[in-house]
Amino acid sequence: MSTKEKSLNFIEQIIEEDLKNGLSQNKLRFRFPPEPNGYLHIGHASSICLNFGLGIDYDAPVNLRFDDTNPAKEEQEFVDAIKKDVEWLGFKWDKEVYASDYFQQLYDWTIELIKKGKAYVDSQSSEEIAKQKGTPTQVGEDSPYRNRSVEENLDLFERMKNGEFKEGEHILRAKIDMAATNMLMRDPIMYRIINASHHRTGDKWCIYPMYDWAHGESDYVEQISHSFCTLEFLSHRELYDWFLDQVCVENKVRPKQREFARRNLSHTVVSKRKLLQLVQDKHVAGWDDPRMSTISGMRRRGYTAAAIRNFADTIGIAKRDNLIDVSLLEFCVREDLNKITDRVMAVLDPVKLVITNYPEGQEEWLDAENNPEAEEVTYRKVPFSRELYIERDDFLEEANSKYFRLTLGKEVRLKNAYIIKGESVVKDVNGNILEIHVTYDPDSRSGSGSEASKRKVKGTIHWVSIPHAIPAEIRLYDRLFTNENPDGNKEVDFKEFINPDSLKVITGYLEPSLKTAEDGDKFQFQRLGYFAVDKDATTDKLVFNKTVGLKDTWAKVETK
């Protein structure tokens, strides 16, 4: 990678420095270590892109390692979802591994620590232990069980393993320094009793290692060269290294932990605990609700893997936490969808338009361009008839000279079709417009080459032929939270900022070419935005999710 002409981020600089200092290129190995206790979110996507991206840049293997050390919160469903997300983002792991693969090795190492007097069983309550930990300005107190004999500690730990005790009766702690400046070094917990069945090991174990003990040692077993994690683990690095000191031997790669800043996304939350609350309290329809910041939710909404990878690359890697405006993610999505989606016609707020001088019962099939951005431009046929749907806000009875859509007495072009002129309206008793009556110029058909077809009019609007229109459920999604940083104020419950208008469900009318659209298919509804077929769609009922608008409408709202 050092031969590439590009500026290096600080993570890449660390790797380059290690290579210069003698680390062999073939010793590079990275990992992505998710906990299978929920679905991955946009923050995880950045970490995935970082670790697997380094693997690609340095031609080094990357492990997918599940940190499955808490069976009370972990499920196979989450394992499967995580694997699907990583694959969907376009990455391949070298080995699929689990912290639980190393439970026996961790246990064996722990026995050695106990024998060396570096770990002991503590029988205090969690409240007592917390009280004795001290504060950042006050040293901690030794546990009354800190100097238990090696024999007693071995006996108790074995019995903990065999399930002879209840949860909370005993824990195993490392014996380090109760006066350490770093609070995490004050005899940290290594094992706790959990009486729950593990999704892989079943009921074999009744004790489970804590993250700090399992993580670095798992890195070491796998010979991970660089272990990258978010800034919240900066204070854990000293403990990471202390644990490695107890097991590392010469001539093996010693993992190096380094930290990067978490990238928070505005108008959402990226805490699995809070995402779980939204699911459990039914504020959303599930982990893959299109309003969620989960990768599965974004995929269902219609976001593309390329857009998310581009977003991760754009925001880069930093040393300080910051809040990224969600409009940047939406820009990346919009930019990618613009290149790959076909343009189709759909009307979401319909009003009937009647072409009074078009022959009744006549229909014709007109050519419509699929995607002007494509290398090879293709066309489809769309039906045209006397009665059409147009968008209600594409018509005003009276309008000023700056209004370029349909109004009485003026002309507009129907996309891919003819020039029409507004003539009159039909209203109900309350004054609501039921029908708009227009006339058309039969010589003005788009692409016909006639003089009339070349005539310039200022406005073009989309439409759908009523006899051919396909009704569909349209789910219009907005941002899930009205506040850009909903969990930024610890005094206010983040759920107070839930946007009551984050989902609106309407019926829209689509051109018939969409009849065979399937789950995940993406389109640009001309002049309206980008939409994707939802998994709830059936052959009898189409369901579309609005992915993102054609423009960033929130920028104007927030400016006001």
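Predicted, not measured: the structure shown is a model, and the values here were computed from it.
- Panel note: side chain Ser453, backbone Ser450; a donor-acceptor pair is recorded below 3.5 Å.
- A donor-acceptor pair under 3.5 Å is absent between the side-chain atoms of Lys84 and the main chain of Val79, judged by distance alone.
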Could you walk me through whether Ser446 and Arg413 pass side chain to side chain donor-acceptor pair (under 3.5 Å), step by step?
CA-CA 9 Å; Ser446 293; Arg413 176 172 290 282; 3.0 Å; yes

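- Residues passing the side-chain hydrogen bond (donor to acceptor under 3.5 Å, both in side chains) test with Glu232, sequence neighbours excluded: Thr230, Arg262.
- Heavy-atom neighbours of Glu398 CD from other residues, nucleotides or ligands within 6.0 Å: at or below the threshold of 12.
- Under 3.5 Å, the side chains of Ser465 and Ser385 contain a donor-acceptor pair of N or O atoms.
- Within the 4.5 Å cutoff, the side chain of Pro33 has heavy atoms near those of the His215 side chain.
- Using a 4.5 Å heavy-atom cutoff, the side chains of Leu54 and Ile11 are in contact.
- Exactly one of Tyr477, Tyr509, Phe525 qualifies for a ring pair (Phe, Tyr, Trp, His ring centres under 6.0 Å) with Phe544. That residue is Phe525.
- Listed for the Ser293 side chain is a donor-acceptor partner under 3.5 Å among the backbone atoms of Val269.
- A donor-acceptor pair is defined here as one N or O able to donate and one able to accept, closer than 3.5 Å; such a pair exists between the side chain of Arg31 and the backbone of Phe228.
- For Lys495, the NZ atom is densely surrounded, since the number of other residues' heavy atoms within 6.0 Å is greater than 12.
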Arg65 vs Glu96, salt bridge (Lys or Arg N to Asp or Glu O under 4.0 Å): CA-CA, chis, key distance, verdict
CA-CA 6 Å; Arg65 181 175 74 237; Glu96 178 185 328; over 6 Å; no

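- Under the 3.5 Å distance criterion, the side-chain polar atoms of Asn430 are left unmatched by any main-chain donor or acceptor of Asn432.
- Legend: residues meeting ring-ring contact (aromatic ring centres under 6.0 Å, His included) with Tyr440, ordered by chain and number and at least two apart, are Tyr358, Tyr418.
- A ring pair (Phe, Tyr, Trp, His ring centres under 6.0 Å) with Phe91 holds for exactly one of Phe52, Phe30, Phe32; it is Phe52.
- Heavy-atom neighbours of Gln362 CD from other residues, nucleotides or ligands within 6.0 Å: above the threshold of 12.
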Let me have the donor-acceptor pairs involving side chains of residues 306-320, under 3.5 Å, with sequence neighbours excluded, atom names and distances please.
| unit_1 | atom_1 | unit_2 | atom_2 | d |
| --- | --- | --- | --- | --- |
| Arg309 | NH1 | Leu89 | O | 2.7 |
| Thr314 | OG1 | Asn310 | O | 2.7 |

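- Under the 3.5 Å distance criterion, the side-chain polar atoms of Asp443 are left unmatched by any main-chain donor or acceptor of Ala452.
- With hydrogens and angles left out, the side-chain atoms of His283 and Gln277 include no donor and acceptor closer than 3.5 Å.
- Taking a 6.0 Å sphere around NZ of Lys274, one finds it holds more than 12 heavy atoms contributed by other residues, nucleotides or ligands.
- Side chains of Thr378 and Asn370: a donor on one and an acceptor on the other come within 3.5 Å.
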Under the criterion side chain to side chain donor-acceptor pair (under 3.5 Å), I'd like the reasoning laid out for Arg343 against Asn338: C-alpha separation, chi angles, the key distance, then a yes or no.
CA-CA 9 Å; Arg343 279 57 166 161; Asn338 181 56; 2.6 Å; yes

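- Shown here is Asn322, whose CG atom has more than 12 heavy atoms of other residues, nucleotides or ligands within 6.0 Å.
- For the residue pair Glu511 / Ser513, a side-chain donor-acceptor distance below 3.5 Å is found, with atom types taken as modelled.
- With a 6.0 Å radius and a threshold of 12 heavy atoms from other residues, nucleotides or ligands, Tyr211 has its OH atom above the threshold.
- The side-chain hydrogen bond (donor to acceptor under 3.5 Å, both in side chains) test with Tyr530 singles out one residue from Gln524, Lys522, Glu330, Lys546, and that residue is Gln524.
- In this structure, the side chain of Asp68 engages the main chain of Ser100 through a donor-acceptor pair within 3.5 Å.
- What you find for Ser502 and Arg291 is that their closest heavy atoms are OG-NH1, 2.9 Å.
- The shortest distance between side-chain heavy atoms of Asp536 and Arg475 falls below 4.5 Å.
- Residues His41 and Trp287 place their aromatic rings such that the two centres sit no closer than 6.0 Å.
- Of the possible donor and acceptor atoms, none in the side chain of Thr407 sits under 3.5 Å from a partner among the backbone N and O of Lys410.
- A donor-acceptor pair under 3.5 Å is formed between the side chain of Asn51 and the backbone N or O of Ser47.
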Please determine whether side chain to side chain contact (heavy atoms under 4.5 Å, CB included) holds for the pair Lys551 and Arg334, giving the CA-CA distance in whole Å, both sets of side-chain angles, and the decisive distance to 0.1 Å.
CA-CA 8 Å; Lys551 296 179 181 178; Arg334 195 179 291 117; 5.6 Å; no

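- Under a 3.5 Å cut-off, the side chain of Asn545 and the backbone N or O of Thr547 do not form any donor-acceptor pair.
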